[in-house]
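See below for the structure under consideration.
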Protein chains: 2
Amino acid sequence: MIPVKNNYQFEDMLDKHQLKKTAPRLRVLSMMYSKNTATSQPDLENVMHDIDRVTLYRILNVFEEKGIIHKVFDLDGTANYAVCHSDCEANHHHDEHVHFNCTVCKNVYCLNELSLPSITLPAGFKPESFTLYASGLCPKCDKKNSVK
Amino acid sequence: MIPVKNNYQFEDMLDKHQLKKTAPRLRVLSMMYSKNTATSQPDLENVMHDIDRVTLYRILNVFEEKGIIHKVFDLDGTANYAVCHSDCEANHHHDEHVHFNCTVCKNVYCLNELSLPSITLPAGFKPESFTLYASGLCPKCDKKNSVK
DNA sequence: ATATAAATGCAACAATATTTCATTTAGAAT
DNA sequence: ATTCTAAATGAAATATTGTTGCATTTATAT
């Protein structure tokens, strides 16, 4: 589980990556760290009406470049962003974990605690990273389903 | 490896799914079966200038619904389509295989021959399907790289 | 040969991604 | 504290992509 962070820690994170500590960036960080699912740009737009769409777009881009967040696609192909492990560097992500796409609520969960089993590819392929996508029912939607 | 098919076999495929045997559909099928990498809509548009972009869009959609092709996203998030194994049914795909995204040529390879190692998810998650994405250098790009 | 449902092409529209530029602001230098 | 400057923001404009509606064409069943 990702440890909860306070505002000072978010400021430190921006500092570390030579990014100015601006209100929009701090709000985006705090929102992303408060959830255990990935966040899409529309998600952010729905909550932060006062921040320009283009600003959010650019914040997501720099955060990804700097290795603060990483991109995953949901079942519809929309980009979702989730906070990275501590060991991600700028432009070099190490997200060897499992992503779970819920077919009902469409949320994307990063199951960081699961490590991937190793796998051998056909001759010639030189893999640099792996991600396993599982899709199905997340705990919440499974519960709702069985109650009915 | 996917066996090469001829035009009669493509017609049979369309027949089997109650789709009319039209020229655009046959051309799309033949193109997708001639490659060992997934095909994006832009790929099709670049080759088939005379077919309307909406037609291609709709062909890809029905083919996916019918279980003839399945969708994978490349590293940029663009949808790519690849022909399915024989055991895919309409609206119920069984594509439990490995996808390889080349970071250089951006091609997506379906490594159908590889089966996925089983994995246990945290309590509560009810998975229905799995896909493993590997990214790195494909054989072609790796060769080009080492020659220099 | 004809009828009809399906498929296509075109135009229009919607949503999203991206660029440009003027204005504002964080943080460094004084 | 004040000023300066590069970086970040917001607003408008443009580009690209996804989607729908409808008139016309075409495959195929009769």
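In the text below, chain A, chain B and the rest are named by the order of the sequence lines, each starting its count at 1.
We find that CD1 of B:Ile51 is positioned 8 Å from P of C:dT8, with the value rounded to whole Å. Atom CG of A:Asn80 and atom P of C:dT16 are 13 Å apart (whole Å). Atom CE in A:Met48 sits about 16 Å away from atom C1' in D:dG10, given to the nearest Å. Rounded to whole angstrom, the span from the CD atom of B:Gln18 across to the C1' atom of C:dA7 amounts to 15 Å. Remark: C1' of C:dG9 and CD of B:Glu45 are 14 Å apart, rounded to the nearest angstrom. In this structure, CG of A:Asn46 is placed 10 Å from P of C:dT16, rounded to the nearest angstrom. Between the C1' atom of C:dG27 and the CG atom of A:Leu26 lies a distance of 14 Å, rounded to the nearest Å. Per the geometry, CG belonging to A:Leu60 stands 12 Å off P belonging to C:dT18, to the nearest Å.
Put simply, the residue from A:Arg27, A:Arg53, A:Met31 that forms a side chain to side chain contact (heavy atoms under 4.5 Å, CB included) with A:Leu44 is A:Met31.
Other members of the hydrophobic cluster containing A:Tyr133, listed by chain and number, are A:Val72, A:Val108, B:Val72, B:Val108, B:Tyr133; membership follows side-chain contacts under 4.5 Å among ILVMFWY residues, whether direct or relayed.
Nearest heavy atoms, B:Phe125 versus A:Cys138: CD2-CA, 4.0 Å.
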Query raised in the report: Can you give one letter per nucleotide of nucleotides 16-30 of chain D, 5' to 3': B if a protein heavy atom sits under 4.0 Å from the base, S if only from the sugar-phosphate, - if neither?
Result: --BBBB-----BS--

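Placement of B:Met13 and B:Leu56 within a single hydrophobic cluster is found when ILVMFWY residues are connected by side-chain heavy-atom separations under 4.5 Å, directly or transitively.
For A:Asp142, the side chain to side chain donor-acceptor pair (under 3.5 Å) partners are B:Lys126, not counting sequence neighbours.
In this structure, B:Asn61 and B:Tyr57 have side chains that are in contact, with non-hydrogen atoms separated by less than 4.5 Å.
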